Structures are given as structure tokens and as C-alpha cells.
There are 2 protein chains.
Amino acid sequence: MTHQTVGHPPGLPDDPRAHVTEPTPSCPVEITLEALRGRWTTLVIRELLQGERTYTDLRQALPALSDKVLSDRLAHLARSNVVHRERHPGWPPRTHYTLTPQGHRLAPVLQALWDWASDNHQPPNPPHRTDQRT
Amino acid sequence: MTHQTVGHPPGLPDDPRAHVTEPTPSCPVEITLEALRGRWTTLVIRELLQGERTYTDLRQALPALSDKVLSDRLAHLARSNVVHRERHPGWPPRTHYTLTPQGHRLAPVLQALWDWASDNHQPPNPPHRTDQRT
DNA sequence: CTGAATCCCTGCCGATACTG
DNA sequence: CAGTATCGGCAGGGATTCAG
């Protein structure tokens, strides 16, 4: 039958979530994509993979990222148990962000994402141009 | 060195794209996420990982997916060189979709996405409720 | 310094209807 | 059968402003 595709690594074979017929929050793939969702998210994670960062550190590392979106991303990543927020009392106020253990475990995921496109020497085709108003 | 994080497989160490300070189409991570972008996308890929499928096969496998979105996803995946479209002449018209070699190489990526959330026994925290007007 | 609140604009997604 | 055309609703994300 021509398709040995992927074999069946642990997790996939008879897990009911591998057979859902619509996008559902219980599917692990959806959960991870949800954690990574949003523009800038992976770049924030990349910074934190290098070690602890303060709010200002992140702003400086990603200058084009607005306060609102940075806050949103950090809040989202905190809710997803990817980052840990630690407020320091005193003045000036400082907040330190670090990856949780789960956050560190995103490294292989990002690596996989990197590798797929990196091994691809064939670039994507140009977009279809039906009407596309830029 | 505090950051062996992921080791340094080919691609990451001194690649300039690993240091971009804003989301850019040249970053391999962005490219892959772009290929996977959109609701239903990963489910369509999952179906095709099992082998060739026709348009109708996909509709039946994912009943809640509308024609428009299915067409959109397939077109998008074709542009991303993930799927190959093969029209069969004659009547009734049949179109067969298969994964390209690059498409098959998404299997480890999806596996990584699956594994991350699958190994996570700690569920995400409930959303912050400040005022949220339903 | 570290964020949260507001406003606006754009792009996605779903439903429906129509064509080769 | 295999799509495309069109429309409407809604959520994402950027700029700016305000607060602890």
C-alpha cells in the first residue's frame, strides 16, 4: 500500500484524539499550536530559551513589538504554562520571565519547525493572484 | 554556557535567520507555521498522511469542514508544496490529493507538536477574568 | 518600569449560492 | 464532482493612552 508514512510512534496509534473530525481543544496538536499561536510568539520563546529576561530585555530584543502585544503574548504563554512570571518588589519594578520546564520542552518543537523549512530547498509557489488587494 | 537548550543540530547556530528581531517570511520557523496555518489544516494533513484522498474523501472525513475552507486549505497547502493535486479527466471529475515528499516530512513536525502537549499533564490555566464582557 | 484599556483596521472563517 | 464568488461576523494585532 505505498504509504508507510510515519510509522506509529508513541501517542498516535489508538488515542481517540488522533481521530477527531474537527478542530478541538483536546487534540494535543491543537493545544501546542494554540500555545505557539500569534505573531511574535516564537520569537519571544526564542529569547527566553537563552535564559531569564525582563520585560525591558524583551522589548529591546524585539524593538518592533508593541507593549500591548508583548503583554498579550506573555500573558498567553503564562496561561499555557510556558513561561513563569516573577515580580520583584522595590523600585523600579522589575518582572523577570523564565521558561517553565514545559517551556523548555518546546525547544525540540521549534527545532522540528525550523528543520522542516530549512531542509526544504524548494521555495513555496507564488500566491494565486485572483484579486488580492494588498 | 547556560544555554545548550537544544544542542545545535544543523541550521541553528550561526544562521542569521535565527537572530531576526521581528517575524519575517525568511525564518524557517515562520515558514513552517505559515504552511500549517489556519484552522483544519493539520487535520487535512493527517488525512493525507494515511494515503491518497479525493476531494470527496476529505469532505467525508471532515464533515464539518465547508467547501470554501477545504478548497482554501488545499490551495494553500499546494502553494506550500505540501500537497500534490492531480486532476483526472472524464466524468465524473475526480481530483486526487497526495502529500509531496515535503508533505510527508511534516509527520515528525506534527509528532513533535503532539508530543509536547501529550507529555504535559498539567493543563493550561483558566483565562484571566478581569472584566470580560461576554 | 511594567503593564492594562481603548480604538480601529484587517484578515480569517463559515454559510450560501453558483459554475465547469 | 470539484470547486469559485460573495457576504457578514468576529478575533487578532498595532498605535496610543493611562495606571500601579
Side-chain angles (χ1 to χ4, degrees), chain A residues 21-25 30 33-44 52-79 83-98 127-134, chain B residues 21-25 30 33-44 52-79 83-98 127-134:
Chain A
T21 63
E22 53 185 292
T24 156
E30 302 285 337
L33 288 177
E34 170 63 23
L36 296 179
R37 187 173 61 178
R39 217 175 162 219
W40 297 96
T41 303
T42 58
L43 292 179
V44 171
E52 183 177 78
R53 291 290 186 274
T54 66
Y55 190 87
T56 322
D57 289 338
L58 293 170
R59 268 213 303 214
Q60 290 176 347
L62 307 169
L65 174 53
S66 75
D67 276 341
K68 175 193 184 271
V69 177
L70 177 53
S71 298
D72 285 353
R73 292 300 169 268
L74 289 170
H76 182 79
L77 290 171
R79 287 205 318 272
V83 309
H84 173 70
R85 161 189 284 159
E86 190 171 354
R87 290 193 158 88
H88 285 238
W91 196 264
R94 285 269 166 181
T95 309
H96 290 252
Y97 290 92
T98 56
H128 279 168
R129 181 156 277 277
T130 45
D131 179 3
Q132 193 122 2
R133 51 339 223 331
T134 347
Chain B
T21 63
E22 53 185 292
T24 155
E30 302 285 336
L33 288 177
E34 169 64 24
L36 297 179
R37 187 174 62 177
R39 221 178 158 213
W40 297 95
T41 303
T42 57
L43 292 178
V44 170
E52 183 177 79
R53 291 290 187 274
T54 65
Y55 189 89
T56 322
D57 289 339
L58 293 170
R59 268 212 302 215
Q60 290 176 347
L62 307 169
L65 173 53
S66 76
D67 275 343
K68 175 191 184 271
V69 177
L70 177 53
S71 297
D72 285 353
R73 293 298 169 268
L74 290 169
H76 181 80
L77 290 171
R79 286 204 318 271
V83 308
H84 173 71
R85 161 190 283 157
E86 190 172 354
R87 290 193 159 89
H88 286 238
W91 197 262
R94 286 270 164 180
T95 309
H96 291 251
Y97 291 92
T98 56
H128 279 167
R129 179 157 281 275
T130 45
D131 177 6
Q132 194 119 4
R133 51 332 222 335
T134 60

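Proteins get letters first, then strands, A, B, ... in listed order; numbering begins at 1 in each. Every value quoted in this text rests on a predicted model; they were computed, and no experiment measured them.
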Handout entry: Those residues that, when tested against H88(A), pass side chain to side chain donor-acceptor pair (under 3.5 Å) (two or more places apart)
Key = none
Handout entry: Whole-Å gap separating P (dG11(C)) and NE2 (H76(B))
Key = 15 Å
Practice task
Take the protein atom CD of E86(B) and the nucleotide atom C1' of dG3(D), then report the distance between them rounded to whole Å.
Solution key: 17 Å
Handout entry: Nearest-Å distance for atom pair CZ/C1', residues R37(B) and dG13(D)
Key = 13 Å
Problem - Nearest-neighbour nucleotide for the R85(A) side chain, dG3(D), dG3(C), dC1(C) considered - result: dG3(C)
Exercise for the section: State which residues pass side chain to side chain donor-acceptor pair (under 3.5 Å) with H76(B); sequence neighbours excluded, sorted by chain then number. Expected result: R79(B)
Problem - Length of the line joining D72(A):CG and dG12(D):C1', which is rounded to integer Å - result: 9 Å
Exercise for the section: Could you check how far CG of L70(A) sits from P of dG12(D), rounded to whole Å? Expected result: 17 Å
Between the protein and nucleotides 14-18 of chain D, which nitrogen or oxygen pairs come in under 3.5 angstrom?
{"from": "dG14(D)", "atom 1": "OP1", "to": "R39(A)", "atom 2": "NH1", "distance (Å)": "2.2"}
{"from": "dG14(D)", "atom 1": "OP2", "to": "W40(A)", "atom 2": "NE1", "distance (Å)": "3.3"}

Problem - Residues that Q60(A) engages under side chain to side chain contact (heavy atoms under 4.5 Å, CB included), provided they are two or more places apart - result: T56(A)
Problem - D67(A): partners by side chain to side chain donor-acceptor pair (under 3.5 Å), with sequence neighbours left out - result: Y55(A), R59(A)
Exercise for the section: Please tell me which of P23(A) and H96(A) maps to the more 5' nucleotide of DNA chain C, matching each residue to the nucleotide holding its nearest heavy atom. Expected result: H96(A)
Practice task
Give one of base, sugar-phosphate or nothing for R87(A), where a contact means two heavy atoms less than 4.0 Å apart.
Solution key: sugar-phosphate
Practice task
Whole angstrom is fine here: how far is it from CD in E22(B) over to P in dG13(D)?
Solution key: 15 Å
Handout entry: Separation of dA11(D) C1' from E34(A) CD (nearest whole Å)
Key = 12 Å
Handout entry: Main-chain N/O of R39(A) paired with R73(A) side-chain donor or acceptor, under 3.5 Å
Key = yes
Practice task
May I ask you to evaluate whether Y55(B) reaches the phosphate of dT4(D), defined as a side-chain N or O under 4.0 Å from OP1 or OP2?
Solution key: no
Problem - dG3(D) phosphate, OP1 or OP2, under 4.0 Å from T95(B) side-chain N/O - result: yes
Practice task
Take atom CG of L74(A) and atom P of dG13(D), then tell me their distance rounded to the nearest Å.
Solution key: 14 Å
Practice task
Just jot down the side chain to side chain contact (heavy atoms under 4.5 Å, CB included) partners of D57(B), sequence neighbours excluded, or say none.
Solution key: R53(B), T54(B)
